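Order of the sequence lines fixes the chain letters, A, B, ..., with proteins taken first and strands second; residue numbering starts at 1 for each chain. Computed from a predicted structure; not experimentally measured.
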Number of protein chains: 2
Amino acid sequence: MTAKKIKNMEEFSKVSGISRPTLSKYFHDPESVRKTTKAKVESALEEYDYRPNIFAINQNRKLTKTIGILVPYLADPFFAEIVRMIERQCIEAGFWPIVFSAHGERELENNALATLKSLRPAGALIAPMGRNSDLDVLRAFTDEVPTVVFDSNVAVGKAFVGSNNFQSIPLMVDYLCRTGEPPCFLEMPPVNPNANKRRDAYCMAMERLGHDPQVIQTAGGDWGFERIGLEEGVRLIDERSLPSDTILCSNDRLAIGLLAAAYQKGLRVGHGPGCALRIAGHDDHPWSRFTCPPLTTVSQDYRAIAERSVHILFGIMSGEDAEEERPEILFEGKLVMRASA
Amino acid sequence: MTAKKIKNMEEFSKVSGISRPTLSKYFHDPESVRKTTKAKVESALEEYDYRPNIFAINQNRKLTKTIGILVPYLADPFFAEIVRMIERQCIEAGFWPIVFSAHGERELENNALATLKSLRPAGALIAPMGRNSDLDVLRAFTDEVPTVVFDSNVAVGKAFVGSNNFQSIPLMVDYLCRTGEPPCFLEMPPVNPNANKRRDAYCMAMERLGHDPQVIQTAGGDWGFERIGLEEGVRLIDERSLPSDTILCSNDRLAIGLLAAAYQKGLRVGHGPGCALRIAGHDDHPWSRFTCPPLTTVSQDYRAIAERSVHILFGIMSGEDAEEERPEILFEGKLVMRASA
DNA sequence: AACATATTTTTGCGCGCGTAAAATTTCGAT
DNA sequence: ATCGAAATTTTACGCGCGCAAAAATATGTT
């Protein structure tokens with residue numbers, strides 16, 4: 001394209017020979033105009049440097065092309081990865097994903113929600129923090145914006161997509177009981193519904209197998225899970241207060257911290273001879289396969305969760321309001337057997 | 001606040017008893033109006049639900065309150081963490097950070113840049129992909145938007161903030177040579193200027209100490225560094241083609257993969273007796289302290305890089321164009337001695 | 001060639017707010 | 001109480017585009 005700069009659609013209309021309303025139609029959806037017109041516009045676009053003003057567009061359109069994405073903690077690889085996939089999906093569908101992270105703080109979550117709302121997005125995909133969320137704010141948001149909730153099933157929005165903890169945890173408990181000492185369960189203060197469900201699922205699974213559930217709750221409510229796993233792990237090992245040599249952690253990051261604690265204390269982790277501990281996680285975080293030993297865990301189907309969430313949201317956005325019930329799509333976890341348990 | 005919804009500033013002007021231009025001033029900068037006026041506005045804000053329309057604001061203001069942030073790969077914990085800090089800084093200063101990730105792809109980087117440009121941000125903080133970036137697009141962007149480049153020193157923008165590889169790498173090389181066999185250097189195909197600088201710094205440091213530099217370049221150009229480290233590590237160990245028992249990796253993620261390879265092959269890593277390998281990294285990634293053994297590395301000062309980048313950008317934005325030269329701020333790395341080397 | 005239909009053009013208003021200039025009010029200091 | 005500076009109000013226009021309705025034109029069919 002040449003150096004010619006076009007200020008607005010009016011000017012571009014002049015140089016391209018297409019009327020402004022038609023141009024408006026074209027930019028909204030290039031396929032909505034006649035092929036010959038489309039060609040004319042596009043050849044003009046190659047010659048002149050013009051992009052419609054985003055703000056002017058969105059000010060007047062009732063439906064923007066923006067998709068809001070909100071996660072509780074973007075530096076968590078689970079969310080980083082799932083956001084990556086969601087973003088890709090949105091872009092491919094011609095939408096503008098915009099990502100917010102609450103950084104683990106209620107105030108920032110509310111802030112992000114308010115900002116997002118004022119962006120008048122076509123839809124939103126949110127993973128609420130859970131217990132630390134401001135339910136009223138969430139509700140006010142989902143009342144206005146078509147929203148799919150993922151990962152953490154807070155009872156707002158038009159649908160939920162996540163993992164079935166009541167399938168995945170028993171899967172792991174069964175495996176651990178079958179192959180060694182029944183596991184105890186290491187959890188953090190339950191920051192979201194998943195944490196509670198996982199603990200309950202653990203207890204139920206243990207009782208069903210005739211074992212006493214042993215839940216160890218750690219202190220600390222921030223998002224430095226590995227650090228908590230390490231510190232609490234060292235403490236538990238020093239105090240010899242682990243009720244079992246097999247520990248199921250409520251998520252992989254906690255397990256990674258616990259692995260580090262075991263290493264520091266000279267305890268060999270794994271299921272072979274000479275191993276003092278078995279450690280298992282949940283989620284199959286991106287780097288769980290690279291721990292030493294590699295972490296046995298239950299995988300969440302990241303891709304499936306991302307794709308289904310986006311798919312459902314698009315359905316809702318295009319007016320398929322037929323659903324009476326708020327659907328809850330739960331994916332099954334798969335056992336990922338590695339060396340740690 | 002009550003259920004009363006206010007549609008626009010006009011209506012809010014009526015119910016608050018403050019004229020619209022003054023309200024406009026208030027929302028632009030609450031301190032720019034008289035204290036009594038500010039109080040009146042704020043008490044009205046508690047009673048009525050109103051937020052100025054973002055699009056209308058930005059359409060008319062020459063300078064928006066938006067700050068663009070672009071990183072090559074948000075799922076990389078280094079960037080996730082630094083973005084987290086940058087975002088916080090911006091919010092505290094009353095700006096609106098908006099985060100983009102190129103997901104390692106040139107097309108997406110260009111896309112993000114184009115979107116960002118049309119957002120007319122007050123400034124931008126970008127970490128270009130480097131070799132895979134489209135230099136012309138970067139230049140066109142930085143010509144229009146006041147930009148600070150961080151992490152990867154591509155020669156665009158008004159300033160650069162990053163780490164001094166020529167200080168940090170020799171620091172590690174010195175340490176490794178002093179305490180054992182001189183290291184070989186494991187790198188990936190150089191995706192950005194840092195990779196090249198680190199290799200060169202390694203070679204220079206080795207030669208200065210009278211040793212032969214041994215560079216091992218791995219295959220694979222994607223962002224799955226750990227996987228590459230694992231696969232290449234297994235191959236190198238199987239082939240017995242490691243030129244030294246001490247391996248300095250060009251970054252922690254590669255080192256983490258290599259640790260996994262060593263574990264898999266039954267090689268004990270560390271500097272104690274009975275250890276077959278020493279492995280060191282670079283960056284002090286958030287989870288390097290949780291590996292087994294904990295990773296010896298050189299820390300990058302995340303917080304300093306984030307804070308200085310933002311600080312410089314704000315300076316540029318407020319018109320301190322005095323700088324003739326494009327300043328390059330390089331932070332020194334600190335040796336982080338852990339158990340792996 | 002004549003017609004029905006689809007598409008484009010013309011015209012003109014509206015969105016919510018920024019901003020400028022002049023008139024008015026408020027405030028603090030004397 | 002008086003005055004001048006500072007803040008606010010009044011008035012009015014502009015930003016770039018969406019959108020609606022009517023008129024004009026293009027397209028495809030028989």
Side-chain angles (χ1 to χ4, degrees), chain A residues 5-45 48-66 96 114-115 117-122 144, chain B residues 5-45 48-66 94 96 115 117-122 144:
Chain A
K5 284 255 166 172
I6 271 55
K7 212 183 53 183
N8 55 26
M9 205 179 272
E10 194 75 44
E11 280 189 25
F12 187 66
S13 167
K14 274 188 197 136
V15 299
S16 64
I18 309 288
S19 75
R20 197 169 66 71
T22 304
L23 286 176
S24 177
K25 256 190 105 183
Y26 168 86
F27 285 114
H28 183 62
D29 175 13
E31 304 305 320
S32 69
V33 301
R34 200 154 41 205
K35 273 207 291 282
T36 56
T37 332
K38 178 164 176 257
K40 270 198 255 178
V41 175
E42 279 163 6
S43 83
L45 273 179
Y48 302 94
D49 184 15
Y50 170 69
R51 285 185 60 144
N53 181 305
I54 302 184
F55 303 107
I57 290 176
N58 288 311
Q59 174 172 15
N60 299 313
R61 236 203 299 264
K62 58 275 312 217
L63 236 56
T64 68
K65 283 276 188 182
T66 308
W96 294 28
T115 300
K117 189 159 69 172
S118 67
L119 247 28
R120 291 207 315 272
E144 283 194 18
Chain B
K5 284 253 166 172
I6 270 57
K7 213 184 52 184
N8 56 26
M9 204 179 273
E10 193 76 45
E11 279 189 27
F12 188 67
S13 167
K14 274 188 196 134
V15 299
S16 65
I18 309 289
S19 74
R20 198 171 65 71
T22 304
L23 286 176
S24 177
K25 257 191 102 183
Y26 169 85
F27 284 114
H28 183 63
D29 174 12
E31 304 305 320
S32 68
V33 302
R34 200 151 41 203
K35 272 207 294 280
T36 56
T37 321
K38 178 163 175 260
K40 271 197 254 177
V41 175
E42 279 163 6
S43 84
L45 273 179
Y48 302 94
D49 185 13
Y50 170 69
R51 285 186 60 143
N53 180 305
I54 302 184
F55 302 108
I57 290 176
N58 288 314
Q59 173 172 16
N60 299 313
R61 242 206 293 269
K62 58 271 312 199
L63 235 58
T64 69
K65 284 276 189 180
T66 309
W96 293 28
T115 300
K117 190 159 68 171
S118 68
L119 247 27
R120 293 208 314 272
E144 283 195 19

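Rounding to the nearest 0.5 Å places CG of A:Asn58 at 4.0 Å from CZ of B:Phe55. Note that CG of A:Leu23 and CD of A:Glu10 are 10.0 Å apart. Values are rounded to the nearest 0.5 Å.
As a whole-Å value, the separation of B:Ile57 CD1 from D:dC15 C1' is 14 Å. The distance between atom CG of A:Asn8 and atom P of D:dG16, rounded to the nearest whole Å, is 5 Å. Rounded to an integer number of Å, the gap from A:Phe55 CZ to D:dC17 C1' is 14 Å. Taking atom NZ of A:Lys7 as the reference point, atom C1' of D:dG16 lies 9 Å away to the nearest angstrom. In this entry the distance linking OH of A:Tyr26 with C1' of D:dC17 reads 17 Å, nearest Å. Between B:Gln59 atom CD and D:dG18 atom P there is a gap of 10 Å when expressed in whole angstrom units. Residue A:Met9 contributes atom CE, which lies 16 Å from atom P of D:dC15 at whole-angstrom precision. Between the C1' atom of D:dC17 and the CZ atom of B:Arg120 lies a distance of 13 Å, rounded to the nearest Å.
When side chains are defined from C-beta on, B:Thr37 counts as touching B:Ile18, because their heavy atoms get closer than 4.5 Å. Between B:Asn53 and B:Asn8, every side-chain heavy-atom pair lies at or beyond the 4.5 Å cut-off. Looking only at side-chain heavy atoms (C-beta outward), A:Ile54 and A:Trp96 come within less than 4.5 Å of each other.
In this view, A:Arg120 satisfies the side-chain hydrogen bond (donor to acceptor under 3.5 Å, both in side chains) rule with no residue, not counting sequence neighbours. For B:Arg51, there are no side-chain hydrogen bond (donor to acceptor under 3.5 Å, both in side chains) partners at least two apart in sequence or on another chain.
Within 4.0 Å of A:Ser24, counting heavy atoms only, lie sugar-phosphate atoms of the nucleic acid but no base atom.
Nucleotides of DNA chain C with any atom under 4.0 Å from a heavy atom of chain A span, from 5' to 3', C:dT7 to C:dG16.
Evaluation of atom-type donor-acceptor distances gives a pair under 3.5 Å for the side chain of A:Arg20 against the base of D:dG18.
Using cut-offs of 30° and 60° on the angle between ring planes, the pair B:Phe12 and B:Phe27 is tilted.
Contact record, B:Ile57 with B:Pro52: CD1-CB, 3.5 Å, taken as the closest heavy-atom pair. Scanning both residues, A:Gln59 and B:Ala56, for their nearest heavy atoms gives NE2-CB, 3.5 Å. The two atoms that bring A:His28 and A:Lys65 nearest to each other are O-CE, 4.3 Å, heavy atoms only.
Legend: side-chain hydrogen bond (donor to acceptor under 3.5 Å, both in side chains) pairs involving residues 11-26 of chain B, not counting sequence neighbours, sorted by first then second residue: B:Ser19-B:Thr22, B:Tyr26-B:Glu42.
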Polar pairs (N or O, both sides) under 3.5 Å between protein and nucleotides 21-24 of chain D?
none

Nucleotides 3-8 of chain D: which of its N/O atoms have a protein N/O under 3.5 Å away?
| residue | atom | partner | partner atom | Å |
| --- | --- | --- | --- | --- |
| D:dT8 | OP1 | B:Arg34 | N | 2.9 |
| D:dT8 | OP1 | B:Thr37 | OG1 | 2.4 |

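For A:Tyr50, no side-chain nitrogen or oxygen approaches OP1 or OP2 of D:dG16 to under 4.0 Å.
With DNA chain D read from its 5' end, the first of the two nearest nucleotides for B:Leu23 and A:Phe27 is the one closest to B:Leu23.
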